[in-house]
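These notes are about the structure you will find just below.
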Amino acid sequence: CGDHAHDHSHEKRAFPVTALTPPTRALEWGDLNIIHTTDSHGWLLGHQKTSFPEPNYSGDLGDFASFVSHMKQLALEKDVDLLLVDSGDLHDGTGLSDGFPPGGVDGHESNKFLAKLPYDLMSIGNHELYIYANTLDMFQNFAPQLKGRYLSSNVNITVADKHGKPQSVPVGSRFAKFKTRKGRKVTSLGVLFDFTDNDKNTTVQKVSDMVQEKWFFDAIQEEPDLFLLVGHMPVQRDDWPLVFNAVRKVHPTTPILILGGHSHIRDCVQLDGRSMSLESGRYMETVGWMSANLDKKGSKKNITFSRRYLDPNRVTYEFHTRTRNASFDTSSGKSITQGLLQLAEKFDLNFKFGTAPQDFTIDRSPFPSNSSLLSLYAAEAMPVALTINNTRASIPNIMITNSGSQRFDVYAGAFTKNDQLTASPFADSFLFIPNITAGVAKQVLPALNNAGAENRKRALEELLEGRERELYKKGYVDMIFRKWLEEMDRRDGLERRAGQNLTLGYVTKDSCPGVGDDVVHAPLPFFETPDFIGSNAPNVTDDTPIDLVFVDFIEDQLLSILNSLQTAKNFTTTDVQSYTPVLASAVLGLFAQKAWN
Ligand SMILES: Nc1ccn([C@@H]2O[C@H](COP(=O)(O)O)[C@@H](O)[C@H]2O)c(=O)n1
């Protein structure tokens, strides 16, 4: 690496001193440029672990704010437009969003820092809708700060009107029309995929219905210089074509720029020669870049676009803004970092539960194995944590959860409250059905996984079919992310890791021309994992009545599988009881206190 790569120490916080590979290619600027984030899930202090690929993503939101500010200055010097856009999922993922004290609201504090950035447009994600209080907070406190640019074209919240009567209103704005600094007229929408697992008193309209609405038709009638369609929806194999075609029907040649999200991958596709769609990963592991050279109205020629996936760290940021460590930080950037560190302290995120003896990974370890986080959670942590102070502890049980509940690897060393919440952020409850015979209970986990596996065998193109379609609508896209990781490993993972002195990171192959990744990496090893994981079955005879324990997030699926496995009784929600007050997000901490001290 060049000298630049080593010059990234930071007096603001403990910063990984690992040498990072700097980019080698300048960004291609057009006359309209976009910096894109999506699925940040609370990762605002960046990735702080020192083993690769984590240092690639070590830039925090303060660093990002400084980067944006320098890029805005470059845009002024080049006399071009630069917009900042986000595609949603601000909640659920780290202690900054989820480590709030009792009585708080998820994301309320962390979102205040995002609101300090000069976002031109943001759109709502499914994680803003699992819990009504979070949606209400977005409606009352977050959206107003975006002044009409927080978009929820097909998402409503029900609130009391001034007479106390319930009314369903958009969480943000249905659409936005504005002019860029260079005077370009932009029409924007903010679309969420057909999500069905949203909380009561929030509404998600199907995309196919949204494009039939009169407001939609009216909003797209006038021809802008470009349509900027933002949304929490993957850029491939989802409903963007419905929105794209509806616009194209009225405006056959107007440039359409799409910024998507949700499946956590880096992806790009062009629906025609005058359009580009970009998706920029997850967890602040990617900052997306799109540029376009817009030509005259009515032109039918292909537009020249570029796209790039940046690794968000100070080396990347300094390279592209032609700054050095001493000149990079802006006062606003520094105060955002400071504020986030204070929030981490206020939420006690450095509280240490124990010391993890080794790394435990989700996709990088075989399942089951001693280094699999899924094995650790299911076979060791749940049985310990869920039976603490539990009167049912002595009754044999099987405990089941969804593997998607584990969101991030655990690294060797201090295991803190923040590590607990990054690995397992969801405050899901554990339920149980008593007196299920062991013979039946033992079949539930394999049956859940077989249903998943059958669907996995299908081609990805058939993803939106049958049972998988239902899961997809509930927000289940782990499969797409895993397939993406698997493909990059299968392509040339072994060779890249062995030979070329490359650091670990994402290796993207998308459908747009040229190379998308800003820095060349070797991909991580990948292993298949099941959709559902469970504790080891107890050593009892098949006719022994046991407790069937499961996380509430999978209640519907579990009941339907249980009813398919036996005919003695049709189990419904009335047969389900609370097993423990311990939440899914607390399991690893409780386990660590017992096992890792
Ligand atoms: N209460 C919850 C909510 C979500 N999950 C898991 O997250 C997945 C959706 O997250 P995306 O970032 O992909 O939108 C969902 O499929 C579940 O795996 C959960 O476990 N509990």
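Source: prediction; values computed, not measured. As the structure lists them, so they are numbered: ligands from 1, and atoms in each ligand from 1.
For ligand 1, the atoms sitting less than 4.0 Å from at least one non-hydrogen atom of Gly475 are 9 (C), 13 (O), 14 (O), 16 (O), numbered in the order shown with element in parentheses. Counting the atoms of ligand 1 from 1 in the order shown, those under 4.0 Å from a heavy atom of Val477 are 13 (O). Contact atoms of ligand 1 toward Gly404: 6 (C), 18 (O) (distance under 4.0 Å to a heavy atom of the residue). The ligand atoms of ligand 1 that sit less than 4.0 angstrom from a heavy atom of Ser405 are 20 (O). The distance from ligand 1 to the heavy atoms of His127 drops below 4.0 Å at these ligand atoms: 9 (C), 10 (O), 11 (P), 12 (O), 14 (O). Here is the list of ligand 1 atoms found below 4.0 Å of a heavy atom in Tyr130: 3 (C), 4 (C), 9 (C). Close approach of ligand 1 to Asn402 is summarised as follows: ligand atoms under 4.0 Å from at least one heavy atom of the residue are 17 (C), 18 (O), 19 (C), 20 (O). Short contacts between ligand 1 and His264, defined as distances under 4.0 Å to a heavy atom of the residue, involve ligand atoms 12 (O).
Of the charged side-chain nitrogens involved, at least one lies within less than 4.0 Å of a carboxylate oxygen, so that Arg392 and Asp547 count as a salt-bridged pair. Of the charged side-chain nitrogens involved, none lies within less than 4.0 Å of a carboxylate oxygen, so that Lys49 and Asp409 do not count as a salt-bridged pair. Salt-bridge check for Asp517 with Arg266: passed, with a basic side-chain N closer than 4.0 Å to an acidic carboxylate O. Between Asp518 and Arg308 there is a salt bridge, since at least one side-chain N of the basic residue sits less than 4.0 Å from a carboxylate O of the acidic one.
Here the protein heavy atom with the shortest distance to atom 6 (C) of ligand 1 is Phe426 CE1, 3.6 Å. If you check which protein heavy atom lies closest to atom 15 (C) of ligand 1, you get Phe553 CZ, 3.7 Å.
In Tyr476, the parts holding a heavy atom less than 4.0 Å from any atom of ligand 1 are both the side chain and the backbone. With a 4.0 Å cut-off on non-hydrogen atoms, Asp89 touches ligand 1 through its side chain and not its backbone. For Asp478, every heavy-atom contact with ligand 1 shorter than 4.0 Å involves the side chain, none the backbone. Contact annotation: for Val551 versus ligand 1, there are no heavy atoms closer than 4.0 Å. Residue-level proximity to ligand 1 for His41 is carried by the side chain, the only part with a heavy atom below 4.0 angstrom.
Polar contact with ligand 1: present for Asn126 (N/O pair, distance under 3.5 Å). Residue Lys474 has no nitrogen or oxygen atom sitting less than 3.5 Å from a nitrogen or oxygen atom of ligand 1, judged on distance alone. Between Asp428 and ligand 1, at least one N/O pair is under 3.5 Å apart.
Note on ring orientation: taking the six-membered ring where Trp is involved, the planes of Trp43 and His47 are parallel (angle under 30°, cut-offs 30° and 60°). Ring pair Tyr411/Phe408 is tilted by interplanar angle, where 30° to 60° counts as tilted.
Under a cut-off of 6.0 angstrom, the local environment of NZ in Lys116 is sparse, with at most 12 non-hydrogen atoms contributed by other residues, nucleotides or ligands.
In this comparison of Arg407, Met479, Arg282, the heavy atom closest to atom 12 (O) of ligand 1 sits on Arg407.
Glu285 and Asn56 form no side-chain donor-acceptor contact under 3.5 Å, judged by distance and modelled atom types alone. There is a side-chain donor-acceptor pair under 3.5 Å between His36 and Ser87. A donor atom on one side chain and an acceptor atom on the other are not found under 3.5 Å apart for Ser97 and His91.
Rounded to the nearest 0.5 Å, atoms NZ (Lys417) and CG (Leu588) are 14.5 Å apart.
Looking only at side-chain heavy atoms (C-beta outward), Leu61 and Leu340 come within less than 4.5 Å of each other.
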